[in-house]
Amino acid sequence: MASVVVVGTQWGDEGKGKIVDLLTRYADCIVRFQGGNNAGHTLVVEGKQFIFHIIPSGILYEDKACMIGNGVIIDPGVLLDEIDELGGRGLPVTPERLMISENAHLIMPYHKSLDIAQEASLVKGKKIGTTGRGIGPCYMDKVGRVGMKAGEILDPGLFEDKLKANIEEKNFLLTKKFGLKPLSLDQIKSEFEVYAEKLAPYIGNVSMVLDQARRDGQNILFEGAQGTQLDIDHGTYPFVTSSNTIAGNACIGSGFGPAHIDSVIGILKAYTTRVGEGPFPTELPEGDKVGDELQSKGGEFGATTGRRRRCGWLDAVVAADAVRLNGLTGLAITKLDVLSGQPKIKIGRKYVVDGQEFECMPGNIRKTSRLKPVYEEVDGWDEDISTVREFGDLPQEARDYIRRIEDITGVEPVIVSVGPDREETLLLSNPFDKK
């Protein structure tokens with residue numbers, strides 16, 4: 001039995017979905033532990049693309065148990081649409097295959113209205129780049145102890161009492177502060193009565209089920225969303241998401257004891273990308289030849305938003321932060337194939353600002369926004385590596401690049417991805433094989 005956590009090491013979009021899909025083969029339970037439908041995991045299986053926003057991507061395997069932990073916030077409409085879409089593609093999502101934590105919080109219509117209104121009210125340069133899906137306001141209500149939990153929609157009286165209290169406050173903000181129309185309590189109540197009926201069979205105590213799975217000797221895989229530099233505490237604040245994205249939240253967001261975690265795999269894209277606003281020291285601006293090549297060849301558009309991802313060279317400072325903050329035991333290096341054809345490849349080793357050097361991301365956002373990277377340069381390769389299935393068959397320069405990443409981070413690469421399809425992956429060491 002082993003318990004493995006998978007996290008992103010950069011600003012998200014590192015290819016976690018594909019790596020989770022690979023490791024799901026060896027797992028019995030797959031658990032999503034944070035975030036909401038502002039993130040997407042994209043998989044390509046036998047040429048067919050699947051995009052997951054809330055449901056763990058392990059649902060593609062019929063013999064796996066998938067769980068949505070208490071750290072996730074759920075838009076019931078989006079979740080039900082996802083269930084229906086998968087069912088329409090011949091993948092029925094039954095309560096036997098998916099459990100929702102009774103303690104997961106729900107995104108309400110007023111959360112989305114407030115999210116959009118608040119972002120629209122910010123001036124250029126101050127905008128966060130939110131997806132407008134209600135993520136931030138929902139987490140604010142959770143911390144403010146007025147949130148709506150999944151289990152509470154099964155108690156109509158409790159749900160209505162909390163809704164009445166919330167809608168009064170939210171409508172005050174929507175009308176008085178933002179000049180918008182108020183939301184209808186009766187409409188929201190009716191909408192969520194339908195959700196309650198459909199979701200009731202899925203709702204349960206995820207923590208209890210996970211603990212029993214551990215006692216039964218099952219393999220458990222925890223998947224996060226976004227990346228380390230989007231962590232609410234440790235990322236490039238305030239240009240972050242509203243939850244803790246690092247590995248420690250796998251336990252908090254699922255109700256699983258930290259002493260039972262065996263390994264933490266960090267997903268590291270072979271270059272770096274970022275969606276939305278915020279500092280990005282190794283960014284190659286739009287119009288830069290290499291940056292545009294990475295964006296085009298890597299298909300760098302957000303799976304959830306469709307927004308163009310900003311592209312840049314690998315940032316080893318960001319990688320080092322991820323190693324420290326997550327306690328990484330292994331690296332999964334993705335999209336190595338996108339670098340094919342680059343004669344030289346750069347790695348950002350440290351930052352300089354105002355004559356001061358940094359080997360970690362500074363906490364001061366004004367300094368962070370002005371950081372200049374100091375690069376080292378390594379040789380690239382020309383060969384198409386998408387058909388390679390053994391590490392030793394990679395071009396020498398590609399192997400040297402991977403080993404250089406290992407030297408810099410001090411963490412062993414356990415997976416290397418050489419293309420988007422499920423089979424275009426090299427498994428160097430299986431984290432579920434406990435030594």
Side-chain angles (χ1 to χ4, degrees), residues 17 20 24 27-41 50-109 111 133-135 138 142 147-159 162-163 188-214 216 218 220-225 243 250 253-256:
V20 168
T24 293
D28 301 294
C29 303
I30 302 90
V31 191
R32 169 84 181 269
F33 63 82
Q34 55 81 214
N37 60 300
N38 58 335
H41 288 174
F50 295 85
I51 299 177
F52 298 92
H53 300 287
I54 304 176
I55 298 175
S57 49
I59 203 72
L60 291 178
Y61 293 82
E62 295 183 4
D63 59 340
K64 311 296 181 180
C66 293
M67 301 174 198
I68 298 174
N70 57 276
V72 179
I73 54 174
I74 300 170
D75 184 321
V78 172
L79 175 58
L80 288 168
D81 285 346
E82 201 164 316
I83 290 173
D84 289 343
E85 181 183 354
L86 287 168
R89 299 181 70 173
L91 294 166
V93 181
T94 64
E96 290 73 32
R97 301 185 61 216
L98 177 68
M99 174 178 278
I100 301 167
S101 171
E102 60 189 357
N103 290 322
H105 280 244
L106 301 177
I107 298 174
M108 304 297 293
H111 290 141
R133 285 164 168 78
I135 308 299
C138 182
K142 177 179 179 177
M148 311 287 266
K149 299 199 295 184
E152 292 173 346
I153 63 174
L154 307 183
D155 184 333
L158 173 61
F159 180 82
K162 294 186 70 172
L163 180 60
I188 295 173
K189 180 184 171 185
S190 297
E191 180 182 351
F192 275 76
E193 284 173 352
V194 176
Y195 294 153
E197 182 179 356
K198 292 182 177 181
L199 292 176
Y202 296 91
I203 297 172
N205 190 318
V206 165
S207 177
M208 291 284 288
V209 173
L210 280 177
D211 191 59
Q212 188 60 54
R214 177 188 66 82
D216 291 342
Q218 296 186 17
I220 304 173
L221 178 62
F222 297 86
E223 66 168 300
S243 61
S254 63
F256 194 76

What residues form a salt bridge (charged side-chain N to carboxylate O under 4.0 Å, His left out) with [X], not counting sequence neighbours?
X: Asp81; value: none
X: Lys198; value: none
X: Glu82; value: none

Rounded distance (nearest 0.5 Å) linking atom [atom1] of [X] with atom [atom2] of [Y]:
X: Thr24; Y: Leu221; atom1: OG1; atom2: CG; result: 5.0 Å
X: Ile30; Y: Ser57; atom1: CD1; atom2: OG; result: 8.0 Å
X: Ile74; Y: Leu199; atom1: CD1; atom2: CG; result: 8.0 Å
X: Ile83; Y: Leu91; atom1: CD1; atom2: CG; result: 12.5 Å
X: Gln34; Y: Ser254; atom1: CD; atom2: OG; result: 11.0 Å
X: Ile55; Y: Glu85; atom1: CD1; atom2: CD; result: 9.5 Å

Please tell me if the side chains of [X] and [Y] come closer than 4.5 Å, counting only heavy atoms from C-beta onward.
X: Leu163; Y: Phe192; result: no
X: Asn70; Y: Val206; result: no
X: Phe222; Y: Ile220; result: yes
X: Asn37; Y: Ile107; result: yes
X: Leu79; Y: Ile68; result: yes

Can you name the residues that form a side-chain contact (heavy atoms from CB on, under 4.5 Å) with [X], not counting sequence neighbours?
X: Ala196; value: Ile153
X: Pro95; value: Pro201, Tyr202
X: Asp216; value: Gln212, Gln218

Test side chain to side chain donor-acceptor pair (under 3.5 Å) applied to [X] - qualifying residues, sequence neighbours left out:
X: Asp211; answer: Arg214, Arg215
X: Asp75; answer: Lys112
X: Lys64; answer: none
X: Glu191; answer: Tyr195

Task: Qualifying side chain to side chain donor-acceptor pair (under 3.5 Å) pairs with a residue from residues 89-103, counting only residues at least two apart or across chains - done: Thr94-Glu96, Asn103-Lys149
Open item on the list: Tell me whether the count of non-hydrogen atoms from other residues, nucleotides or ligands lying under 6.0 Å of CD in Glu197 goes above 12.
Closed with: no
TODO: Could you tell me whether Lys162 atom NZ has more than 12 heavy atoms of other residues or ligands within 6.0 Å of it?
DONE: yes
What pair of heavy atoms forms the shortest contact from [X] to [Y], and how long is it?
X: Met67; Y: Leu210; answer: SD-CD2, 3.7 Å
X: Ala104; Y: Gly69; answer: CB-O, 3.7 Å
X: Arg32; Y: Ala225; answer: NH2-CB, 3.5 Å
X: Ser207; Y: Gly255; answer: OG-O, 2.7 Å
X: Cys138; Y: His105; answer: SG-CB, 4.3 Å
X: Ala200; Y: Leu154; answer: CB-CD2, 3.6 Å

- [ ] Start with the C-alpha distance between Phe256 and Val31, add both sets of side-chain angles, then the distance that settles side-chain contact (heavy atoms from CB on, under 4.5 Å), and finish with yes or no.
- [x] CA-CA 10 Å; Phe256 194 76; Val31 191; over 6 Å; no
Task: With Phe33 via ring-ring contact (aromatic ring centres under 6.0 Å, His included) - residues at least two apart - done: none
